[in-house]
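Worksheet: the structure to be examined is printed underneath.
All chains are named by letter (A, B, ...) in the order of the sequence lines, taking the proteins before the strands, and each is independently numbered beginning at 1.
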Number of protein chains: 2
Amino acid sequence: MKTEKKRRLEAAGWRETTVRELLNLSTADVEYIEMKLVLSRRLRDARKRRRLTQIRAAALLNTSQSRLARMEAGDPSVSLDLLVRGLLALGVSSRDLLKAA
Amino acid sequence: MKTEKKRRLEAAGWRETTVRELLNLSTADVEYIEMKLVLSRRLRDARKRRRLTQIRAAALLNTSQSRLARMEAGDPSVSLDLLVRGLLALGVSSRDLLKAA
DNA sequence: GCATACTATGCCAGAATTGATATAACCGCA
DNA sequence: TGCGGTTATATCAATTCTGGCATAGTATGC
């Protein structure tokens, strides 16, 4: 069981921790990152629902296929701004933006 | 009444239009702008509810008083990212982010 | 196999955003 | 009126984001 494993590790000089603690992220940081991931998934869904390739969708968003690929991949080089504008351009209403993943 | 005014204006060579049309903004553009305005208002509210000055709140967000002033003013030089991270840092949950103005 | 269509990744110059500093404007209050 | 506290505006160097090109990877049909 988990606590037993933890005890053994600590006895051996290890300390169990979370990625969040390891990287020193505040809960706000984590929420921000998760939000971007949710939006990136929604973006891919929105595009597929419209049966668009990345190239055609990228044209609608005035960007390139390569950037759209990164947007959908949740790449850190993509801002919330870009994700939100992408979703709005694909017709997802602002009220629905954050609904479920 | 409105249609009468419009008729007169058109007869005089004018054309009634909206700011949106004038600036050639898509509805997605408008939604994006309004979203930022909503968030900027919520940010000010969140700060006031906690009875913080801009200086103290800015410290929590790792930014300066001047930028926070712009964030609350809905200045175009402020990204959605910054607004969202600000709200999260003030404890507004991501689920509540877009609720009502 | 090998095309063809689609998506992912490396890269970078140009553009936009950021934190910071300085300073101005506003608002009670003595 | 002048003062202390708060918020707004101007400006800018440094950082971050963006579009786009090139190319690599992946899947499907022949």
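Shown here are the side-chain contact (heavy atoms from CB on, under 4.5 Å) partners of Ala69(A), two or more places apart in sequence or in another chain: Gln54(A), Gln65(A). When the side chain to side chain donor-acceptor pair (under 3.5 Å) test is applied to Thr17(B), the partners found at least two apart in sequence or on another chain are Glu21(B). The side chain to side chain donor-acceptor pair (under 3.5 Å) check on Ser79(B) picks up nothing, with sequence neighbours excluded. Scored by the salt bridge (charged side-chain N to carboxylate O under 4.0 Å, His left out) test, Arg44(A) finds Glu72(A) as partners (sequence neighbours excluded). Every side-chain contact (heavy atoms from CB on, under 4.5 Å) that Leu37(A) has, sequence neighbours left out, goes to Ile33(A), Ser40(A), Arg41(A). The side chain to side chain donor-acceptor pair (under 3.5 Å) search around Thr53(B) returns none, not counting sequence neighbours. Residues passing the side chain to side chain donor-acceptor pair (under 3.5 Å) test with Ser64(B) are Ser66(B), sequence neighbours excluded.
We find the CD-CZ distance between Glu31(B) and Arg85(A) to be 13.5 Å, quoted to the nearest 0.5 Å. Here OG of Ser94(B) is found 6.5 Å from CE of Met35(A). Values are rounded to the nearest 0.5 Å. In this structure, the separation between OG on Ser26(B) and CG on Leu60(A) is 11.0 Å, given to the nearest 0.5 Å. Remark: Glu34(A) CD to Leu39(A) CG distance equals 12.0 Å, nearest 0.5 Å.
Between Arg47(A) and Leu68(A), the closest heavy-atom pair is CD-CD2, 4.2 Å.
Across its full length, the helix from dG1(C)-dC30(D) to dA30(C)-dT1(D) shows an angle of 30° between the axes of its 5 terminal pairs at either end, rounded to 10 degrees.
Listed by residue number, the members of residues 67-88 of chain B with any heavy atom below 4.0 angstrom from DNA chain D are Ala69(B), Arg70(B). A heavy atom lying under 4.0 Å from DNA chain C marks the following residues of residues 47-64 of chain B, by number: Asn62(B), Thr63(B), Ser64(B).
The nucleotide range of DNA chain C contacted by chain A, defined by atoms under 4.0 angstrom from heavy atoms of the protein and reported 5' to 3', is dC6(C) to dC11(C). Taking 4.0 Å as the cutoff to heavy atoms of chain B, we find the contact window on DNA chain D bounded by dT6(D) to dT11(D).
In this structure, the side chain of Arg42(B) engages the main chain of Asp96(B) through a donor-acceptor pair within 3.5 Å. A donor-acceptor pair is defined here as one N or O able to donate and one able to accept, closer than 3.5 Å; such a pair exists between the side chain of Arg50(B) and the backbone of Leu90(B).
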Worked check of side-chain contact (heavy atoms from CB on, under 4.5 Å) between Arg67(A) and Leu61(A): CA-CA 10 Å; Arg67(A) 182 134 306 272; Leu61(A) 316 192; over 6 Å; no
